[in-house]
Amino acid sequence: MENFTMYDECNENFDPLFSDDMFNISSDDFSMDDDSDIILTSIKDWFNLPSTTNPDDILDTYSDEIPLNRKEWLIQDSPSQRYRAPRLFEFLILLLRKSHYESYASFTDQSKGIFQVHRPDKIAELWQAVKSRQSQQKMTYDKFARAIRWYYKSNLMQKTNTRYTFQFSSKTLEKYFIDENNNSSTNLLL
DNA sequence: GGCGGAACGC
DNA sequence: GCGTTCCGCC
């Protein structure tokens with residue numbers, strides 16, 4: 001099994017921003033068009049389902065669930081080298097880098113930093129699980145979106161005025177995204 | 001839904 | 001400072 005990487009707390013090269021390969025799930029993996037025993041067995045194994053599970057029940061019940069791996073949401077601080085929970089914009093960057101969260105949100109125009117939220121409630125739930133400042137109440141898409149709106153003032157993000165659509169500012173793009181044209185990676189450390 | 005003011009908390 | 005909570009307005 002090649003290209004399989006595991007998070008290792010002792011591995012100083014671990015960079016959560018580039019942990020895309022930690023595990024890769026796409027919705028294609030759950031297609032029931034191909035009902036080969038190998039795939040079904042893999043899915044049952046992944047979700048610890050009894051081998052007797054009816055194949056027809058798998059898609060409806062479990063295609064939605066992405067197991068939370070807290071370690072893939074950690075940010076390593078530049079000077080201190082310590083791991084911490086991500087800020088909201090860091091969470092967004094991480095989320096958009098992970099192909100297994102493509103069903104939650106994805107870029108519609110990556111060069112402009114425009115992305116669309118597909119699963120508002122799921123993202124709010126995920127943000128609640130991952131964020132630093134915890135509270136007793138439930139995180140909602142409304143509150144999640146309000147937090148993003150504060151970024152307009154600091155120019156981390158900019159308005160799109162479009163439903164479920166957000167945009168990183170050019171400032172943020174330059175700072176945290178690789179310019180794929182000249183391949184000059186600027187400040188990739190968060 | 002999106003927006004942004006206001007009060008709040010850690 | 002960085003959101004969180006609430007909410008009136010569009």
Side-chain angles (χ1 to χ4, degrees), chain A residues 7 9 12-20 22-23 25-27 60 63-179 185-190:
Chain A
Y7 171 78
E9 293 202 42
E12 293 182 359
N13 295 320
F14 175 75
D15 183 346
L17 279 177
F18 294 101
S19 60
D20 213 28
M22 285 185 71
F23 57 95
I25 322 172
S26 78
S27 53
D60 288 346
S63 64
D64 212 31
E65 301 296 328
I66 298 178
L68 175 62
N69 178 358
R70 292 178 180 284
K71 288 176 179 173
E72 70 171 329
W73 297 104
L74 293 176
I75 296 286
Q76 192 171 22
D77 257 328
S78 310
S80 67
Q81 296 291 96
R82 289 180 54 176
Y83 288 101
R84 59 169 173 78
R87 290 185 52 189
L88 178 56
F89 78 94
E90 292 168 332
F91 166 78
L92 293 172
I93 294 172
L94 290 174
L95 180 73
L96 288 162
R97 292 186 101 101
K98 298 178 191 301
S99 56
H100 50 284
Y101 280 107
E102 225 170 1
S103 63
Y104 282 34
S106 62
F107 280 111
T108 53
D109 187 338
Q110 184 155 11
S111 65
K112 291 178 181 167
I114 303 173
F115 63 95
Q116 193 158 359
V117 164
H118 311 303
R119 306 288 304 276
D121 296 341
K122 280 289 184 185
I123 290 189
E125 183 183 296
L126 182 59
W127 170 235
Q128 171 151 48
V130 159
K131 70 193 173 80
S132 168
R133 285 192 301 287
Q134 293 293 328
S135 87
Q136 306 304 316
Q137 299 183 53
K138 186 185 175 186
M139 179 50 58
T140 62
Y141 173 73
D142 183 63
K143 290 188 277 186
F144 164 83
R146 180 67 189 98
I148 291 181
R149 274 181 245 128
W150 279 113
Y151 284 152
Y152 299 158
K153 199 154 192 155
S154 55
N155 196 30
L156 258 119
M157 312 258 299
Q158 58 197 58
K159 286 185 215 174
T160 68
N161 289 302
T162 310
R163 195 173 188 254
Y164 296 144
T165 305
F166 300 94
Q167 181 170 18
F168 292 106
S169 68
S170 52
K171 174 185 114 179
T172 306
L173 282 175
E174 284 166 24
K175 198 167 183 183
Y176 298 106
F177 291 81
I178 303 173
D179 182 346
S185 55
T186 49
N187 182 10
L188 288 172
L189 294 175
L190 286 171

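Below, read A as the first sequence line, B as the second, and so on, with proteins coming before strands; counting in each chain starts at 1.
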> Taking atom types as they are modelled, is there a donor-acceptor pair under 3.5 Å from the base of B:dG5 to the side chain of A:R146?
Replying inline: yes

> The side chain of A:R133 lies closest to which of these nucleotides: C:dT5, C:dC7, B:dC10?
Replying inline: B:dC10

> At their closest point, which heavy atom of A:F91 faces which heavy atom of A:P86, and how far apart are they?
Replying inline: N-CB, 3.8 Å

> Quick one: A:D142 CG to C:dT4 C1', roughly how many Å, whole number?
Replying inline: 11 Å

>> Under the criterion side-chain contact (heavy atoms from CB on, under 4.5 Å), I'd like the reasoning laid out for A:L95 against A:W73: C-alpha separation, chi angles, the key distance, then a yes or no.
In response: CA-CA 9 Å; A:L95 180 73; A:W73 297 104; 3.8 Å; yes

> Can you tell me how far C1' of C:dT4 sits from CZ of A:F144, to the nearest Å?
Replying inline: 14 Å

>> Using whole Å, what does the distance between atom C1' of nucleotide B:dC10 and atom CZ of A:R87 come to?
In response: 15 Å

> Between A:R119 (CZ) and B:dG1 (P), how many Å, whole number?
Replying inline: 13 Å

> Between A:Q134 and C:dT4, is there a side-chain N or O to OP1/OP2 distance below 4.0 Å?
Replying inline: no

>> I need the CG-P distance between A:N161 and B:dG1, as an integer number of Å.
In response: 16 Å

>> Heavy atoms only, 4.0 Å cut-off, all strands: where does A:R149 land among base, sugar-phosphate and nothing?
In response: base

> How many Å lie between NZ on A:K153 and P on B:dG2, as a whole number?
Replying inline: 20 Å

> So which of A:F144, A:Y141, A:F115 actually passes ring-ring contact (aromatic ring centres under 6.0 Å, His included) with A:Y164?
Replying inline: A:Y141

>> Working to the nearest 0.5 angstrom, can you tell me the gap between A:L126 CG and A:L68 CG?
In response: 6.5 Å

> Considering only side-chain heavy atoms of A:Y141, which listed nucleotide, C:dT5, C:dG3, B:dG2, is closest?
Replying inline: B:dG2

> With distance as the sole criterion, do the side chain of A:W127 and the base of C:dT4 form a donor-acceptor contact below 3.5 Å?
Replying inline: no

>> What contact category does A:T162 fall into here, base, sugar-phosphate, or nothing, at under 4.0 angstrom with non-hydrogen atoms?
In response: sugar-phosphate

